[in-house]
Engineer: 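Okay, here's the structure, questions in a sec.
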There are 2 protein chains.
Amino acid sequence: MPELPPPRLDEIDALLLDLLQYDAGRTLHELGERVGLSPSAVQRRIARYRKDGLIAGQIAVLDPHRFGPTVLATVLVTLNQESFEHHRVFAERMRAEPQVQQCYRVAGPWDYVIVLAARSMRDCGRLGDRLFKADDNIRRYETLVAFDTIKTSLALPLPAPQSPPPQDRRP
Amino acid sequence: MPELPPPRLDEIDALLLDLLQYDAGRTLHELGERVGLSPSAVQRRIARYRKDGLIAGQIAVLDPHRFGPTVLATVLVTLNQESFEHHRVFAERMRAEPQVQQCYRVAGPWDYVIVLAARSMRDCGRLGDRLFKADDNIRRYETLVAFDTIKTSLALPLPAPQSPPPQDRRP
DNA sequence: CGTCGGGGCGCAATAATTTCGCGTGCCCGA
DNA sequence: TCGGGCACGCGAAATTATTGCGCCCCGACG
């Protein structure tokens with residue numbers, strides 16, 4: 001699996017990607033206005049981001065609390081058997097479960113950090129039972145139920161541009 | 001602030017929202033094909049989701065590891081002073097920091113769970129210093145650096161439809 | 001039992017947006 | 001100094017989104 005080097009990004013690329021990762025609903029015209037390019041130039045750049053895998057996808061973000069009660073929770077998990085195979089099986093189970101929003105394997109006494117989205121406190125409890133209590137390879141887990149959501153996003157802090165900024169060529 | 005009741009959703013609504021929260025790049029035609037509606041009907045439904053606040057936004061998801069090295073970490077934080085004002089100030093700081101992807105206030109001995117995105121291990125350390133070590137209202141914090149990302153999303157498990165499914169009226 | 005809206009649909013015309021070929025200018029290396 | 005590659009803007013063409021219209025189904029009410 002060839003790990004390609006990160007593509008060179010100029011200032012406009014960083015600007016565009018940053019605009020897109022906070023609001024992908026804008027037209028090419030509007031994006032072009034903000035970064036100083038024509039719609040077609042913007043379109044060509046975005047096509048390149050897709051081809052290069054910089055943009056992994058485009059999604060609608062739903063508001064959890066407009067769908068009736070929603071319980072978010074963070075779960076810390078430590079496995080029992082740490083073999084490669086056990087990790088693989090666990091990861092696969094997390095990936096397959098729609099109520100698992102996020103899952104990270106981490107350094108330290110805990111092995112995994114997981115973010116769950118449930119429809120009720122009871123659902124949350126049962127989900128924990130099903131995913132972790134019923135798994136006899138899990139030594140210990142701790143559920144941190146969220147009172148409140150301060151912030152959620154998947155936005156990345158973009159690296160500073162490595163290429164000199166091209167000039168604005170619009171009329 | 002009037003907390004409106006969650007809108008009634010039929011089976012098609014749930015289907016559409018689920019399609020959109022995993023891929024918002026499809027055309028109305030394609031969406032209509034999948035749920036059994038005409039493009040215009042799909043468009044009207046989506047407009048309603050926006051108006052009702054079910055869809056909070058539409059974003060491009062960037063691939064962290066295509067932008068050179070990226071370090072993700074979860075941080076657990078306990079405040080010193082627990083007054084309302086102290087919480088407000090802390091929350092505001094988290095919201096203002098682009099490298100804070102997510103922040104939840106949680107039950108239990110820890111007060112907050114935070115997900116950070118940094119450009120390097122060193123950046124991650126400095127970010128922690130700046131956000132938490134330099135804040136003398138933070139009693140204790142623990143950083144769980146991610147080795148690996150199993151899954152990231154903001155997708156919600158959608159509630160089962162509360163209204164009977166309308167029939168397919170296409171020719 | 002019949003009639004009267006309201007809501008949601010498909011269709012089709014219209015508007016907006018995206019896509020793509022073409023010609024141009026700039027930058028860089030030979 | 002002279003090409004060659006690259007990215008740009010322009011504008012035509014294709015695709016997609018939007019909106020008005022008439023229809024049908026269903027529930028409410030007489």
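To find a chain, count down the sequence lines: A is the first, B the second, and so on, and within it residues start at 1. Since this is a predicted model, take the numbers as computed values, not measurements.
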Engineer: What is the distance from CD1 of Ile12(A) to C1' of dC8(D), rounded to the nearest Å?
Structural biologist: 10 Å

Engineer: Rounded to the nearest angstrom, tell me the gap between atom CG in Leu31(B) and atom P in dG10(C).
Structural biologist: 14 Å

Engineer: Give one of base, sugar-phosphate or nothing for Ser40(B), where a contact means two heavy atoms less than 4.0 Å apart.
Structural biologist: base

Engineer: Rounded to whole Å, how long is the line connecting atom OH of Tyr49(A) with atom C1' of dA7(D)?
Structural biologist: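 Those two atoms, OH and C1', are 12 Å apart.
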
Engineer: Check the distance between dG7(C)'s P and Asp13(B)'s CG and give it to me in whole angstrom.
Structural biologist: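 Going from Asp13(B) (CG) to dG7(C) (P), I get 15 Å.
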
Engineer: Take the protein atom CD of Glu11(B) and the nucleotide atom C1' of dG8(C), then report the distance between them rounded to whole Å.
Structural biologist: 17 Å

Engineer: Rounded to whole angstroms, how far apart are CD1 on Ile46(B) and P on dT19(D)?
Structural biologist: 14 Å

Engineer: Checking side chain to side chain contact (heavy atoms under 4.5 Å, CB included) for the pair Tyr141(B)/Leu131(B): CA distance, chi angles, key distance, verdict?
Structural biologist: CA-CA 11 Å; Tyr141(B) 75 97; Leu131(B) 289 178; over 6 Å; no

Engineer: To the nearest angstrom, how far is Gln58(A) atom CD from dT18(C) atom C1'?
Structural biologist: 13 Å

Engineer: What nucleotide, of dC9(C), dT18(C), dT16(D), holds the atom closest to the side chain of Leu37(B)?
Structural biologist: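 Closest of the options to the side chain of Leu37(B): dC9(C).
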
Engineer: Can you tell me how far CD1 of Ile150(A) sits from CZ of Phe90(B), rounded to the nearest 0.5 angstrom?
Structural biologist: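 Between Phe90(B) CZ and Ile150(A) CD1, I get 8.5 Å after rounding to 0.5 Å.
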
Engineer: From the set dG10(C), dC9(C), dT19(D), return the single nucleotide nearest to any side-chain atom of Gln43(B).
Structural biologist: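 Of the candidates, dT19(D) comes closest.
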
Engineer: Using heavy atoms to find the nearest nucleotide of DNA chain C for Arg48(B) and Arg26(A) separately, return the residue whose nucleotide is more 5′.
Structural biologist: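 Its nearest nucleotide lies further toward 5', so the answer is Arg48(B).
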
Engineer: Whole angstrom is fine here: how far is it from CD in Glu30(B) over to P in dT15(D)?
Structural biologist: 15 Å

Engineer: Under the criterion side chain to side chain contact (heavy atoms under 4.5 Å, CB included), I'd like the reasoning laid out for Gln81(A) against His86(A): C-alpha separation, chi angles, the key distance, then a yes or no.
Structural biologist: CA-CA 7 Å; Gln81(A) 303 285 332; His86(A) 281 101; 3.3 Å; yes

Engineer: At less than 4.0 Å, is any side-chain N or O atom of Arg44(A) found next to OP1 or OP2 of dC6(D)? Yes or no.
Structural biologist: no

Engineer: Of the listed nucleotides (dA17(D), dT18(C), dA12(C)), which one gets closest to any side-chain atom of Leu28(B)?
Structural biologist: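 Selected nucleotide (nearest to the side chain): dA17(D).
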
Engineer: Is there a donor-acceptor pair under 3.5 Å between the side chain of Thr70(B) and the backbone N or O of Ala117(B)?
Structural biologist: no

Engineer: Donor-acceptor pair, Lys151(B) side chain versus Cys103(A) backbone, under 3.5 Å?
Structural biologist: no

